[in-house]
Number of protein chains: 2
Amino acid sequence: MKTIKDIAALAKVSIGTVDRVIHNRSGVSKKTKERIEKIIQEHGFQINKTARILALNKKYNIAVLMPTVESSSDFWYLPKKGIEKASEEFEMHRISVNYFHFDPLNLNSFKDVFDKLLENSFNAVLLAPIFLNEAKERLIYLDQRKIPYVFINAELEGANNISYIGQHSFDSGALAAKLMSLLINTEDDILIVKVRRDNVHHSTIEDRISGFKSYFNTRKTPIQIHEVILPKIKDQETINTLLHKKLTNHQIKGLFIPSSKVSVVANYVEEHKLKHLKLIGYDLNEENVHLIKNETIDFLIDQDAFFQGYEGTKTLFNFIINNVVPPKNRYLPIKLLTKENVKYL
Amino acid sequence: MKTIKDIAALAKVSIGTVDRVIHNRSGVSKKTKERIEKIIQEHGFQINKTARILALNKKYNIAVLMPTVESSSDFWYLPKKGIEKASEEFEMHRISVNYFHFDPLNLNSFKDVFDKLLENSFNAVLLAPIFLNEAKERLIYLDQRKIPYVFINAELEGANNISYIGQHSFDSGALAAKLMSLLINTEDDILIVKVRRDNVHHSTIEDRISGFKSYFNTRKTPIQIHEVILPKIKDQETINTLLHKKLTNHQIKGLFIPSSKVSVVANYVEEHKLKHLKLIGYDLNEENVHLIKNETIDFLIDQDAFFQGYEGTKTLFNFIINNVVPPKNRYLPIKLLTKENVKYL
DNA sequence: TAAATTTGCGTGTACGCACACGTTTTTATA
DNA sequence: TATAAAAACGTGTGCGTACACGCAAATTTA
């Protein structure tokens, strides 16, 4: 591969002129510019990124807006690990990451932390726009400042994000439904369990439920689908009561829990030895892994949480440094896990 | 982060001396060496890989031993794509790749091509040791020349490979069995279909079958498992006869094809409209993707063929350039695909 | 004690690119 | 035609590391 020096020699100009042509800077006559461009075409010159990074030697700062991570069983533990890995890999490129953590169950916390973020300065933002409207309002300021941003985990239509990295929630719900149809019989019923503390609309979870239902709707099975909302995760009493009521009133065999909180239900099932019940849930935190290994949970859908953080950070970096424009939507594989393959990630 | 220059200034020596300490070269008095090491400890110096690569500016050559790739529906098409992607990414690091292709169904071809490879010189080898014994004999020469090598796709126990990147075949078979048990009933039978042209022992496929059988063995179901070997893929007549015989003689509902050749069986099933049959196979070539989309195939197990090539190349590169020692076994996710999630890869 | 050798360390250049600055050439203006 | 201004191009330095080379001091040998 030719270097700038080589091209310069071939064109009988200095490397400075070649440099100007490459970067489309002014100060080159049309004639020489075309000559150099032709030589570059013919010899296939490509910039040496290593040398480029070394020469630029700038500092970059990426802001991350995501939920608080308290323990390794939190869903957001893995994305954060991914971000950390990417930033370690890029440390030599003088990249640094600033975290802005909010409470995912508290709308005001999201607003406040996002506002705080906007007070600072940085080169790019990685965020999970969990609260759609509140995010949308604030992204305008990033657009104004021409700061690129990438979404992970939650999708927000109509924004100027350079990329979304995450799962196709609707289709993951449909996959869950297919598996459920294998686990139960046509005379059985299904219960969808939503676990949440407030009434805020969570797009990802609703999309999963839509996908799940649509699978059964298009197939016209006699299977009945019930729903229940479990508020206040800490209060096991209320949860038990609610679940017990639903399970006794109907012929339920399949339980679909469209979030990582499947363990809340699984613990109940395990405790009451309801082994005939089939559970499908999401995500691979420690608790869920334990519950799938002992087959209390039958299937887990993994959304590559680690990869979301890792790839999101990398995407931003490549965009800033190398001007690599990523695809707008990067739907990750919908990974299906059972006892048999849960150890391989 | 401090640079060599910084450390040199702090230690009041030249950068040359610091360089010698970092690389554990001779020519530094014990006293100075310890002083510099202490300063490095305290200030947390880390080598700048970018500058390092630029300064080294060596050329590296990786040899790849793998089956011939003729069309995009070949299994080995994807690993090759992965290798190409990795080598593109590393082109700036002056890495080049030399392919040595053999006929995967011909033992002598494997031997000849491997011997030819050994005549050349390179810095590392990426290979699929499909023929275990013949590979083992020849790897000795790589060991002698201290050339690092990585296995992809097929595992070979007791070799000095720095890493294996691929799936755990046995467990993937067990996963297939679990799904099969969901697809069929206890009164149904299962047929395992081996597709091959010669009698050479193919470890990967046998391991998958072992895993599959062991699942049913440990559960003591009344399900009967039959087997059939289909030779000569091109000869559809023979295949039809053999399959027809097996399917009429037994109450078979589930078909397990432990290779990417599942399409051979699926085409038969599609043609004869045997919609009640359930098929599980491997790998995502174009044909298989088509067959899973129209639900002729029920489940495909993907072994991340692209990633195997990509990661294998990267692993070797990082080992050569950055002395990064990889884990000996990198078992990839056992990805399960159905009509619902096959588009997300 | 002088000469020869070894040890310890500094210097300079290369790697390929970016960019500020300086120099030459061309064009416009008086 | 002289001069100013603008355009076109060259030069030099820095980014952080690797390594060959070379010099000086310390050590060994005669």
Side-chain angles (χ1 to χ4, degrees), chain A residues 1-37 39-40 43-60 89-95 320-324, chain B residues 1-37 39-40 43-60 89-96 123 320-324:
Chain A
M1 183 63 66
K2 305 278 176 213
T3 69
I4 285 189
K5 212 179 4 181
D6 298 329
I7 301 293
L10 287 164
K12 287 173 186 154
V13 293
S14 74
I15 56 167
T17 306
V18 177
D19 180 68
R20 276 180 277 261
V21 171
I22 290 169
H23 294 90
N24 239 322
R25 276 192 282 257
S26 60
V28 188
S29 72
K30 204 175 171 186
K31 214 176 72 183
T32 25
K33 188 177 177 185
E34 280 166 3
R35 182 156 45 95
I36 293 174
E37 274 168 348
I39 292 175
I40 288 178
H43 293 78
F45 166 81
Q46 257 188 267
I47 237 167
N48 182 321
K49 284 186 191 175
T50 308
R52 174 165 213 271
I53 288 168
L54 191 63
L56 281 170
N57 201 30
K58 280 189 199 159
K59 282 186 186 174
Y60 297 96
E89 278 184 14
F90 291 140
E91 207 217 333
M92 57 171 167
H93 300 331
R94 318 208 154 205
I95 206 156
I320 303 175
I321 309 283
N322 303 323
N323 299 316
V324 177
Chain B
M1 184 64 67
K2 303 282 177 209
T3 70
I4 285 192
K5 213 181 358 184
D6 298 329
I7 302 292
L10 286 164
K12 286 168 187 161
V13 293
S14 75
I15 56 169
T17 307
V18 177
D19 181 66
R20 277 180 275 261
V21 172
I22 289 168
H23 294 90
N24 240 323
R25 277 192 285 257
S26 59
V28 187
S29 70
K30 203 174 171 186
K31 215 175 71 184
T32 340
K33 187 178 177 184
E34 279 167 1
R35 182 156 45 94
I36 293 173
E37 275 169 347
I39 291 174
I40 288 178
H43 293 79
F45 165 82
Q46 258 188 265
I47 233 168
N48 182 321
K49 285 184 190 175
T50 308
R52 175 165 210 268
I53 288 168
L54 190 64
L56 279 170
N57 199 31
K58 280 187 198 161
K59 282 186 187 174
Y60 297 96
E89 278 185 15
F90 290 141
E91 206 215 335
M92 58 172 168
H93 300 331
R94 318 209 152 201
I95 207 156
S96 66
N123 306 94
I320 302 174
I321 310 282
N322 303 323
N323 300 315
V324 177

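By convention in this document, chain letters (A, B, ...) are assigned in the order of the sequence lines, proteins followed by strands, and residues within each chain are numbered from 1. Since this is a predicted model, take the numbers as computed values, not measurements.
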Problem set entry | Contact state string [nucleotides 14-24 of chain C, B base, S sugar-phosphate only, - no protein heavy atom under 4.0 Å] | -BBBSB-----
Spacing of [X] atom [atom1] and [Y] atom [atom2] [to the nearest 0.5 Å]:
X	Y	atom1	atom2	result
A:Lys58	A:Ile320	NZ	CD1	10.5 Å
B:Arg52	B:Ile321	CZ	CD1	8.0 Å
B:Asp6	B:Ile15	CG	CD1	11.0 Å
B:Lys59	B:Asn123	NZ	CG	12.0 Å
A:Gln46	A:Asn48	CD	CG	10.0 Å

For this session: Please work out if B:Thr32 contacts a base, only the sugar-phosphate, or nothing of the nucleic acid, heavy-atom cut-off 4.0 Å.
Result: sugar-phosphate
For this session: For the pair B:Asn57 (side chain) and B:Leu54 (backbone), establish whether a donor and an acceptor sit closer than 3.5 Å, ignoring hydrogens and angles.
Result: no
Exercise. Is a side-chain N or O of A:Arg35 found less than 3.5 angstrom from the main chain of A:Ala11, in a donor-acceptor match?
Worked result: yes
Exercise. Of all nucleotides in DNA chain D with an atom under 4.0 Å from a non-hydrogen atom of chain A, which is the first and which the last going 5' to 3'?
Worked result: D:dA8 to D:dG16
Less than 3.5 Å apart, which donor and acceptor atoms pair up between the side chains of residues 20-28 of chain B and the rest of the protein, not counting sequence neighbours?
unit_1, atom_1, unit_2, atom_2, d
B:His23, ND1, B:Asp19, O, 3.0
B:His23, ND1, B:Asp19, OD1, 3.3
B:Asn24, OD1, B:Lys33, NZ, 3.1
B:Arg25, NH2, B:Asp19, OD2, 2.3

